[in-house]
Amino acid sequence: MKVGVSNLRVKYAGADTLLFNRLSLEIKEGEKVLFLGPSGCGKSTLLQILSGLIPHAVPVPMKADAKSIPTSSGVVFQDPDSQFCMPYVDEEMAFVLENRAVPQPEMEGLIRHYLEKVGLTFKDPHIEIGSLSQGMKQRLAIASMLALEPDVIFLDEPTALLDSAGTSDVWKTIKLMNAKQTMIIVEHKIDEVIDFVDRIVLFDSEGMMIADADPISVFSFYKHKMKEYGIWYPGVWDEHAKEKKLPAPYVKGKEILEINQLKGYRGKIPKIEVQHKTAHEGEWIVLTGKNGAGKTSFLLSLMNVMKTSGKKRVMNKELKTIKASREQLAFVFQNPEFQFVTNSVYDELAYSLEMMEDIGVEQKVHQWLENYDLKQVRTLHPYQLSTGQKRRLSVGTAMFGAQPILLLDEPTFGQDARNTFKLLALFEQLRENGMLILMVTHDEMIVRNYGTREWVIEEGKLTVDRDLRRREERQHHAVDFTV
Amino acid sequence: MQWTLQYKETWLHRLNPSFKLVFILALFLLLLFVHNPNFISNVTVVPFILVMFATGHRKKILAILMIPFLLLFFSSASSMMFFGQGTTTWWKWGIVHMTEESFFRGLHIGFRALNFALLGLLFALTTRPVFLFYSLIQQLKVPPRFAYSFMAAVRILPVMMEEFHQLRAALLIRGIKKKKGFARIMQSVSLYAVPLLSQSIRRAHRIAVAMEAKQFNNKERTYYYKQTLSRVDVYFLIYITIGFSLAYWVGTTFPYFDLTDVRN
């Protein structure tokens, strides 16, 4: 089985230029190919063309001299919450079997068979999909794709929205599949796939193919290009840490945050509990723990958006209302779009200042546009920005005042290397100027290179308080404070 | 978060959903042509017993669900009672004019509304959407592409609720300049509707593509669940027939009201 196109040309509505200009590509049977490129280079589009989804399911104008599209392809997409049309696991699996017109009596056995292939063993597969973890949902997506018995498997960033545990589970599952299976993959988390793929196709930002070779050659000859495009590649963190001399020196400032017997509730159920903690200027505290452990609830309790009991003080001022919290704590949300309330980037930044009836709005906003690298897009609607720009704007909107504390809820999630480092540099600068940063993250590299202290949250309780700077001094066993 | 209600499966859940739907719609029609208040007040007992004792839901939840229906009963009854026309005046105060005729007419309308509500509740509490759509395809020949699209839409609802909570928290943290009066309503609409809709449109598009990727098509297909008519459907039919007949017999033999036709 061979997949390929020759002289492919694609044009998106409203775009002046062609996305692919005379692109030719051929994939042999049994090959495992990884598409790499900066965001917006069209690698997902190409994957959808090769799988036959474009133009069959998604009408995009395209032309090619020759196309060979597999008769049956299986696609896994990135968003675990928008891949399923049925409420229960067994029903979703059955949906695929129904499409293939498999006789009803065979279905139950087949459902179990495919679920076992991805390591999902339920006593009764009649389980609500909504109750699964994100990683399990993606494995279910793989199982339902396998139920198509596809000739070629297409993976379109299957782990982009998963935490590290979910990511490795999903890749473990994929690696268990038949070694002869043809696969075409788009994935940013290169470390997971590097030893799995036989071939890497590298694109530039215009969708031109600039490399097509085995992984070792690509990484040795095109590293500079990957760096330029902000692609994650193995060793990128080491280089970054060296370049920025991480971890940076850290001077403990004066105490500004005090938490005492804090509890945050959803309804009557306590979602987070913190006994007694203090934090200082210039600290970068990373909050880690499993999905659903209560990290976001902790930040929301500090903001008084959740019902809370206990005390939280910033510079000896107690935070009792949302308004009081807002004046002391800048909060950057997980989904930046939810924080936007106006129709242009400029208005968005000016909004909170106008609300405080600040004078000199214009001057400040211009300075911010400069700081956050948003000057050239100041008249655009916030929704029109790229993901990196959206993220920077949401940081900007949160820090309107002179708040001494910054709360971040996974701000680098799903960002490319360039955007991630740009954001981290911004936060690092703020920290050096004495800001206290509390950041929820799943990224071990951020914890290691930027964090000064780690708070681990497990099952709604802050259980470990770890001094990360002392870990650097190799005092592995002496670092955890008692909680 | 838990969005589905916990319940025990009862015989009402095993009814064929299409049969249940058509039969209840037929009862709605029948009730429109009932004009005897004696009959309709007795009939209310029939769906009430089923809702209370045979839906398998907890009594507390049922009680909560009843509150809006009682309100519906009183509001529709009272508006007819106080402002209807009639010859035998009982009470007059300003524009309020209550007559014997309007009182009974109001009571009648109230009971009719209550019956509609109870039958609707009975259907909603004992029908899983998935079974309803499978049955619509199999018994009423609804094209699968519509039915499966509806099922996909049902799945988006809890995700939207979750997003609504996040959005609310984000806006609270951001702080909003509250406008006044009508502008305030427009402001909340744009603050909530725009992000929620834009998310939903993108999500719906992605689900549609995912369904196509799973080779969803208009060709011949098999079905995981087979929906058929069974004995319980007959039981339901018998229960309702006997219930309604009994209600009619009691209503005509031992009437509570002298009036037998509210239109006169």
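Given the structure is predicted, the values throughout are model-derived calculations rather than measurements.
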By a 4.5 Å heavy-atom criterion (distance strictly below it), what part of [X] contacts chain A: side chain, backbone, both, or neither?
X: B/Ser149; result: neither
X: B/Gln215; result: both
X: B/Leu191; result: side chain
X: B/Glu163; result: both
X: B/Ile156; result: neither
X: B/Phe133; result: neither
X: B/Val209; result: both

Does the side chain of [X] come under 3.5 Å of the side chain of [Y] through a donor N or O and an acceptor N or O?
X: B/Ser135; Y: B/Ser18; value: yes
X: A/Asn304; Y: A/Lys312; value: yes
X: A/Glu98; Y: B/Tyr148; value: yes
X: A/Gln403; Y: A/Gln328; value: no
X: A/Gln78; Y: A/Gln83; value: no

Interchain contact, [X] with chain B, by part (heavy-atom threshold 4.5 Å):
X: A/Tyr383; value: side chain
X: A/Asp90; value: both
X: A/Thr397; value: both
X: A/Ser72; value: both
X: A/Pro103; value: backbone
X: A/Met107; value: side chain
X: A/Val341; value: both
X: A/Leu97; value: backbone

Quiz item: If you measure from CD on B/Glu162 to CG on B/Leu157, what distance do you get to the nearest 0.5 Å?
Solution: 13.5 Å
Quiz item: Who among B/Leu196, B/Asn217, B/Leu167 has the most heavy-atom pairs with chain A under 4.5 Å?
Solution: B/Leu167
Practice problem: Flag the one option from B/Ala152, B/Ala170, B/Ala153, B/Pro195 with the top tally of heavy-atom pairs under 4.5 Å to chain A. | Solution: B/Ala170
Could you tell me which of [options] has the largest number of non-hydrogen atom pairs under 4.5 Å with chain B?
options: A/Phe154, A/Phe333, A/Phe331; answer: A/Phe333
options: A/Ala101, A/Ser82, A/Ala94; answer: A/Ser82
options: A/Gln339, A/Arg326, A/Gln104; answer: A/Arg326
options: A/Val58, A/Leu300, A/Val96, A/Leu148; answer: A/Leu148

Practice problem: Show your working on side chain to side chain donor-acceptor pair (under 3.5 Å) between B/Asn16 and B/Gln139 and close with a plain yes or no. | Solution: CA-CA 9 Å; B/Asn16 182 290; B/Gln139 270 82 47; 3.1 Å; yes
Side-chain ion pair, [X] and [Y], N-O less than 4.0 Å:
X: B/Arg206; Y: A/Asp79; result: yes
X: B/Arg128; Y: B/Glu9; result: no
X: A/Glu92; Y: B/Arg155; result: no
X: A/Glu348; Y: B/Arg174; result: yes

Quiz item: So do the side chains of A/Leu438 and A/Leu406 get within less than 4.5 Å of each other, counting heavy atoms only?
Solution: no
Practice problem: Go through the steps to decide whether B/Thr126 and B/Lys20 satisfy the test side chain to side chain donor-acceptor pair (under 3.5 Å), and finish with yes or no. | Solution: CA-CA 10 Å; B/Thr126 61; B/Lys20 201 174 356 178; 2.9 Å; yes
